[in-house]
Number of protein chains: 2
Amino acid sequence: MSENDKLTEEIIFEAATDEFLDRGMDGARMQNIADKAGINKALLHYYYRTKDKMFNAVFEKIAEKILSRFAPVFDETLTLEEKIRFFYREHITFLQDNPRLPAFILNEINRNPARLRRVLSTIDIHSFWNKLEEQHRDELVRYNITKEKIPQIMTTIAAISVFPFAARGIFEELFKKLDISFDEYLEERKEFAADFVIKALRK
Amino acid sequence: MSENDKLTEEIIFEAATDEFLDRGMDGARMQNIADKAGINKALLHYYYRTKDKMFNAVFEKIAEKILSRFAPVFDETLTLEEKIRFFYREHITFLQDNPRLPAFILNEINRNPARLRRVLSTIDIHSFWNKLEEQHRDELVRYNITKEKIPQIMTTIAAISVFPFAARGIFEELFKKLDISFDEYLEERKEFAADFVIKALRK
DNA sequence: TATAAATTTGACCGTTTGGTTAAACCTGTT
DNA sequence: AACAGGTTTAACCAAACGGTCAAATTTATA
């Protein structure tokens, strides 16, 4: 019972995740999810009462998955440069395994900003901020990184790894015309991105 | 007649653009567009036969608007560094005036890659590529920019200006917590981005 | 094996959706 | 003023949608 129960709920959840990632909240169809899970449509409502509740479950699981991946960056006792290299290696690899996540998250957040607020309210951004500042206080001085520049730098670092996945459709089409492999581009990007950022930061 | 005709069609087109930008193809409602245009729903189908055709008209107009903005970068007779500064100033200003475009384009392309193919087929990317290479042949050598690195560099340059708008919802929420103004961040970014990229490229 | 509870289903419901149609309404022409 | 053309509308339609429900089926318990 509990064995099979979990199984059914998991199958539904995975089917729902697949459908929502592919089509978004608005484009997703309950019947499609039922078909993918190989069950009756009514059973969806038995486990997840409404489409909205089902979507929230999927969305929060994905958000959690992403956030948990960022935590190690703040724990590692590495130099700033090592940390940048570590981040891009880990983050791009993660996105290679989950290529549909960026576009999904960006779209759904723009569509419904309230959802993000709930996820973001669970994490204390100030503590991360301070931790990072303490860990690298001397390096920040050495690189001439002022407090005002940090938002610019952080968002730039994120943009370089996330954007290729968010704009994947465009990139793949352009690369095809130029006879470039998107997969190779991503592999190269792990090192390129780190080199690029580190060089830009050095005095 | 022809006066009024154009007016009505334009009013509908603008209402449709607004609705599609806000809710995307799947989320948009014909009734909403009719309401925004202040006309009957049937009139939408009189001018644009189907929702799909209407969306295509809006999408292609927006794509054209974006692409036409990129052309000057390839015409200007500026040094590479000047061109990078010119690009970020112009491009971020353009996105400030049209902040919903990136999220819209990225989402719809991921949802339906075929649409992009039609738009992209109209432009000759190789000619832009070659033009840029000719204009800056000596500089590319001086900066040690090999042909293999160009895709990495070009996508990085684009990522830095587009991503803040694609992830606007996240950034605004984070910035609010940190007491940072998103508008000021964008103004600063025009210069920061250019400085960042130029420094990263220099030997 | 009998019973109760949880699980799964097919059939169904009300609403919303994109789209259609026939009639009314302008507007310029003769 | 009568006609013809394009334009606009109210009313309507079939399909698709998320969701419900009572009945059937499986599973756990005694």
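All chains are named by letter (A, B, ...) in the order of the sequence lines, taking the proteins before the strands, and each is independently numbered beginning at 1.
Between the P atom of C:dG18 and the CG atom of B:D35 lies a distance of 12 Å, rounded to the nearest Å. If you measure from atom CD of B:E9 to atom C1' of D:dT7, you get 12 Å, rounded to the nearest angstrom. Following rounding to the nearest Å, A:N32 (CG) and D:dA16 (P) show an atom-to-atom distance of 12 Å. For the pair B:I39 CD1 and D:dA10 C1', the computed distance is 14 Å after rounding to whole Å.
Taking every side-chain heavy atom of A:M30 into account, D:dG18 is the closest of D:dG18, C:dG19, D:dT7. The listed nucleotides are C:dG18, C:dA6, D:dT8; the one nearest the side chain of A:Y46 is C:dA6.
Residue-environment remark: CD (B:E191) stays at or below the threshold of 12 foreign heavy atoms within 6.0 Å.
When the side chain to side chain contact (heavy atoms under 4.5 Å, CB included) test is applied to A:A15, the partners found at least two apart in sequence or on another chain are A:I33, A:K36, A:A37. In this view, B:D26 and A:D26, B:R111 satisfy the side chain to side chain contact (heavy atoms under 4.5 Å, CB included) rule, not counting sequence neighbours. Checked against ring-ring contact (aromatic ring centres under 6.0 Å, His included), B:F94 has no partners two or more places apart in sequence or in another chain. Under the side chain to side chain contact (heavy atoms under 4.5 Å, CB included) criterion, A:Q152 pairs with B:Y185, B:E188, B:R189, B:F192, not counting sequence neighbours. Looking at residues two or more places apart in sequence or on another chain, you find no side chain to side chain donor-acceptor pair (under 3.5 Å) involving A:E90. A:F13 meets the ring-ring contact (aromatic ring centres under 6.0 Å, His included) test with no other residue; sequence neighbours excluded. By the side chain to side chain donor-acceptor pair (under 3.5 Å) test, A:H91 pairs with A:S161, sequence neighbours left out.
Residue B:Y47 places at least one side-chain N or O closer than 4.0 Å to OP1 or OP2 of D:dT8. Taking side-chain N and O atoms only, A:T8 has a distance below 4.0 Å to OP1 or OP2 of C:dT8. For C:dG18, the OP1/OP2 oxygens have a side-chain nitrogen or oxygen of B:R29 closer than 4.0 Å.
Ion pairing between a basic and an acidic side chain is recognised when a charged N comes within 4.0 Å of a carboxylate O; A:D195 and A:R85 show such pairing. The pair A:K177-B:D124 does not meet the salt-bridge criterion, since no charged nitrogen lies less than 4.0 angstrom from a carboxylate oxygen.
B:L116 contributes atom CG, which lies 8.5 Å from atom CD1 of B:I105 (distance to the nearest 0.5 angstrom). One finds the CD1 atom of A:I180 at 9.0 Å from the CD1 atom of B:I150 (value rounded to the nearest 0.5 Å).
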Pull out every protein N or O sitting under 3.5 Å from an N or O of nucleotides 23-25 of chain C, one pair per line with the distance.
none

Between the protein and nucleotides 11-14 of chain D, list every N/O to N/O distance that falls short of 3.5 Å.
none

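Using a 4.0 Å cut-off on heavy atoms, none of the residues of residues 53-60 of chain A approach DNA chain C. Contacts between residues 15-26 of chain A and DNA chain C, defined by a heavy-atom separation under 4.0 Å, are absent.
As judged by a 4.0 angstrom heavy-atom cut-off over every strand, B:L44 is placed among residues making no nucleic acid contact. Nucleic acid contact class of A:A28 (heavy atoms, under 4.0 Å, all strands): sugar-phosphate only. Among the protein residues, A:A37 comes within range of no part of the nucleic acid, since none of its heavy atoms lies under 4.0 Å from any strand.
Counted by atom type alone, B:E134 and B:N130 present zero donor-acceptor pairs between their side chains at under 3.5 Å.
Each of B:L43 and A:H45 has a nearest nucleotide on DNA chain D; the 5'-most of these lies closest to B:L43.
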Under 3.5 Å, which donor-acceptor pairs link side chains of residues 167-176 of chain B to any protein atom two or more places apart or in another chain?
from: B:R168; atom 1: NE; to: B:E172; atom 2: OE2; distance (Å): 3.4
from: B:E173; atom 1: OE1; to: A:R117; atom 2: NE; distance (Å): 3.3

